Amino acid sequence: MDLLNTLVDKGLRRELPTREEALAVLATSDDELLDVVAAAGRVRRHWFGRRVKLNYLVNLKSGLCPEDCSYCSQRLGSTAGILKYTWLKPDEASQAAAAGIAGGAKRVCLVASGRGPTDRDVDRVSKTIEAIKEDNEGVEVCACLGLLSDGQAERLRAAGADAYNHNLNTSESTYGEITTTHTYADRVDTVRRAHEAGLSACSGLIAGMGESDEDLVDVVFSLRELDPDSVPVNFLIPFEGTPLAKEWNLTPQRALRILAMVRFVCPDAEVRLAGGREVHLRTLQPLALHLANSIFLGDYLTSEGQAGKADLEMIADAGFEVEGAGTTTLPEHRADAAAGGCGTGGGCGSGSGSGSGGVCGTSEGDGNAAAGAAAAGTAGEAGAAVDTGAADAGAVDASVPGARPDLVAVRRRGAGTDLAPNA
């Protein structure tokens, strides 16, 4: 296809596709799917080889969020049967992180539900970051605490944080349909605060909330303009007890096309396969490794993920390798820019820009813990993966076309429990 050849050439040059080209990727047929994956895979391998970075979520504070994000199991008014607990102590969080690090994770994502941290919360998290860094030399730490106020990003960085996650989630034009207690502009402001403080910015989206192809392209182009180093792609988990409980509208094929589009638009960024991959990609998860160069290991914020051992086997069987702690994730031009204090945006990363805390990071957490790894309330999206609801499997109306409630399970182990994590 001429389209795919054009997109590969642009991806290798870090050149932004046109909106029409991005929309055309989403409009390709299932018969063309493997061609799309192969083309985007060329771009992924050019910048990241066959390496897969492992990330691990620690839910520092679960549930009881005052924000009304429709996708989230920890939202105000949610009746999802998730774990609810207040702040983990630094030693408890460090112990939880150690399980993921032992499984091969090189980044730990610390997520807490809520609109945003108080100064006292920043002190708590700073102590937790210091404890994790002291116990695990070389580990990266990303915080996802919601909307940031003046000076908070700088304090997190001084404590040793490497990155901050705050997802945009969806397009600016439809954001008000998903959340009313904060704005799209609030999220953009927090990503910029993190960047200006010298933190590596992590910001992504949640697909499957009823958005149009145009919405998906809009949010990915907005992310390209912000130029985060990491772009978590979450797929909504429609948990019973949340307003989006009946939004079962993703197929494995569509999920792959969305990932491919993100890779073409953000060719040299860390594209992270986050919450909802097990639910929506299912047996096609290994194909997604040809598009994303980063995944979450094990469970998410409020939902169960694939067992960590199965993740490692999948990576090996697909012909990929786990990225080692001594390897730099980002391409040299991005890593050099970040080391020079230029942060992660403003054109100092990929340089070709196109021109999330409660509200935070991924979609499992930004929506679906398992799905996107990290999104509790506004802060729990964690870079990751956001939990979008969370009822027991089987509670969702199985009569909804395409629904797979058998694949949805609430996290009952790991952080906040006495049971060993699924790392």
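Only a predicted model underlies this, so the values are computations on that prediction, with no experimental measurement involved.
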| Under the side-chain hydrogen bond (donor to acceptor under 3.5 Å, both in side chains) test, residues paired with S212 that sit two or more places apart | E214, D215
| remark: Hits for side-chain hydrogen bond (donor to acceptor under 3.5 Å, both in side chains) against T170, two or more places apart or cross-chain, chain-then-number order -> T174
| message | Using the side-chain contact (heavy atoms from CB on, under 4.5 Å) definition, which of the options L284, T283, L291 pairs with L287? | response | L284
| remark: The single option from L259, L33, D213 that satisfies side-chain contact (heavy atoms from CB on, under 4.5 Å) with R254 is D213
| note | Residue set satisfying side-chain contact (heavy atoms from CB on, under 4.5 Å) with S126, at least two apart, ordered chain then number -> V122, L156, A159
Is it true that [X] and [Y] have a side-chain N and a carboxylate O under 4.0 angstrom from each other?
X    : Y    : answer
R107 : D162 : no
D121 : K61  : no
E321 : R50  : no
R272 : D229 : no
R257 : E32  : no
K309 : E313 : yes
D9   : R42  : no

| task | Could you check whether the rings of W248 and H280 sit parallel, tilted or perpendicular, using 30° and 60° as the cut-offs? | result | tilted
Hey, are [Y] and [X] close enough side-chain-wise for a donor-acceptor pair under 3.5 Å?
X    : Y    : result
N55  : S294 : yes
E270 : T329 : no
Q253 : D30  : no
R45  : N293 : no

| remark: Separation between OG1 (T28) and CE (M261), nearest 0.5 Å, reads 11.0 Å
| request: Would you check, one step at a time, whether the test side chain to side chain donor-acceptor pair (under 3.5 Å) holds for E21 with T6? | output: CA-CA 9 Å; E21 288 166 343; T6 297; 5.2 Å; no
| query | When you look at Y184 and S222, which way does the side chain to side chain donor-acceptor pair (under 3.5 Å) test go after all the steps? | reply | CA-CA 11 Å; Y184 181 89; S222 294; 3.2 Å; yes
